[in-house]
Amino acid sequence: VQLQASGGGLVQAGESLRLSCVASGSIFSINAMGWYRQAPGKQRELVAAITSGGSTNYADSVKGRFTISRDNAKNTVYLQMNSLKPEGTAVYSCNAEVNSGSYYYPVVKDYWGQGTLVTVSS
């Protein structure tokens, strides 16, 4: 299973970006999907997560500005980031909990994408 993230770039404070992450390979189903970020000199932190049923969870610092969504048919998770702030500069990575087995014989593992750099200038 591979996760390919895209959509990062350089923007000014207040602007928007949309990240995408596509999962491919031996996939029966995907449970939770999420976005994490790691700023220079800081630990990786959860930005947002979404279950297969569509329930979402956000870091307090992004609530009201970021929206996570997913297209189960395309094995894709998105992160719409509005009103970006300079402190949002980080490498954003996607994560997915993938069942590569079957309904009755699940084989579940966590996978990570390669990360995409988001730089927000002031």
Side-chain angles (χ1 to χ4, degrees):
V1 175
Q2 299 83 37
L3 270 61
Q4 180 68 46
S6 61
L10 172 63
V11 297
Q12 292 189 334
E15 294 184 339
S16 299
L17 275 177
R18 189 192 195 209
L19 305 183
S20 299
C21 177
V22 181
S24 62
S26 181
I27 299 171
F28 173 76
S29 62
I30 301 178
N31 301 329
M33 303 183 82
W35 288 96
Y36 291 73
R37 66 186 179 189
Q38 186 167 20
K42 294 189 176 182
Q43 289 189 332
R44 184 169 60 192
E45 63 173 352
L46 173 68
V47 177
I50 184 168
T51 67
S52 57
S55 297
T56 58
N57 181 44
Y58 295 93
D60 288 342
S61 59
V62 307
K63 283 181 181 177
R65 298 186 298 117
F66 289 13
T67 301
I68 189 170
S69 60
R70 63 190 283 175
D71 185 331
N72 291 328
K74 296 181 179 179
N75 291 332
T76 301
V77 62
Y78 306 97
L79 185 67
Q80 178 66 42
M81 304 184 293
N82 298 330
S83 302
L84 281 161
K85 301 178 181 180
E87 52 264 41
T89 294
V91 174
Y92 286 70
S93 301
C94 56
N95 172 271
E97 186 181 78
V98 177
N99 178 10
S100 298
S102 65
Y103 181 82
Y104 292 104
Y105 299 98
V107 178
V108 180
K109 285 183 62 177
D110 250 12
Y111 294 91
W112 290 89
Q114 85 285 6
T116 184
L117 178 62
V118 173
T119 304
V120 185
S121 64
S122 57

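These numbers were taken from a predicted model, which means no experiment stands behind them. Numbers here are sequence positions counted from 1.
Pairing each heavy atom of K42 with each of Q38, the nearest pair is O-NE2, 3.0 Å. Nearest heavy-atom pair, A23 versus L3, reported as atom, atom and distance to 0.1 Å: CB-CD1, 4.0 Å. Taking each heavy atom of S26 and S100 in turn, the nearest pair found is O-OG, 2.7 Å. Taking both residues in full, the closest heavy atoms of A48 and Y58 are given as CB-CD2, 3.6 Å, listed atom of the first, atom of the second, then distance. Pairing each heavy atom of G34 with each of I68, the nearest pair is CA-CD1, 4.2 Å. Shortest non-hydrogen contact noted between P86 and A13 is CD-CB, 4.0 Å.
Taken to the nearest 0.5 Å, the OH atom of Y78 stands 14.0 Å off from the OG1 atom of T67. Atom CG of L17 sits about 9.0 Å away from atom CZ of F66, to the nearest 0.5 Å. For the atom pair NZ (K85) and OG (S122), the distance works out to 13.5 Å, reported to the nearest 0.5 Å. Summarising the geometry, atom CH2 belonging to W35 is positioned 4.5 Å from atom CG belonging to L19; distances are rounded to the nearest 0.5 Å. In this structure, T51 OG1 and M33 CE are separated by 11.5 Å, a value rounded to the nearest 0.5 Å. Rounding to the nearest 0.5 angstrom, the gap separating the CD atom in Q2 from the CD atom in Q114 is 11.5 Å.
For the pair R37 and V62, the minimum side-chain heavy-atom distance is below 4.5 Å. With a 4.5 Å cut-off on side-chain heavy atoms, I30 and V77 do not count as touching. Residues M81 and V118 form a side-chain contact, since some pair of their non-hydrogen atoms from C-beta on lies under 4.5 Å apart.
Using modelled atom types, no side-chain atom of N72 and backbone atom of N75 make a donor-acceptor pair closer than 3.5 Å.
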message: side-chain contact (heavy atoms from CB on, under 4.5 Å), that's the test. Do K74 and V22 meet it? Break it down for me.
response: CA-CA 7 Å; K74 296 181 179 179; V22 181; over 6 Å; no
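Residue Y111 is grouped with residue I27 when hydrophobic side chains (ILVMFWY) are merged at heavy-atom distances under 4.5 angstrom, including chains of intermediate members. Cluster membership check: V1 shares its hydrophobic cluster with I50, using side-chain heavy-atom separations under 4.5 Å among Ile, Leu, Val, Met, Phe, Trp and Tyr. Placement of V107 and Y105 in two distinct hydrophobic clusters is found when ILVMFWY residues are connected by side-chain heavy-atom separations under 4.5 Å, directly or transitively.
With 3.5 Å as the limit, one finds a donor-acceptor pair spanning the side chains of N82 and S16.
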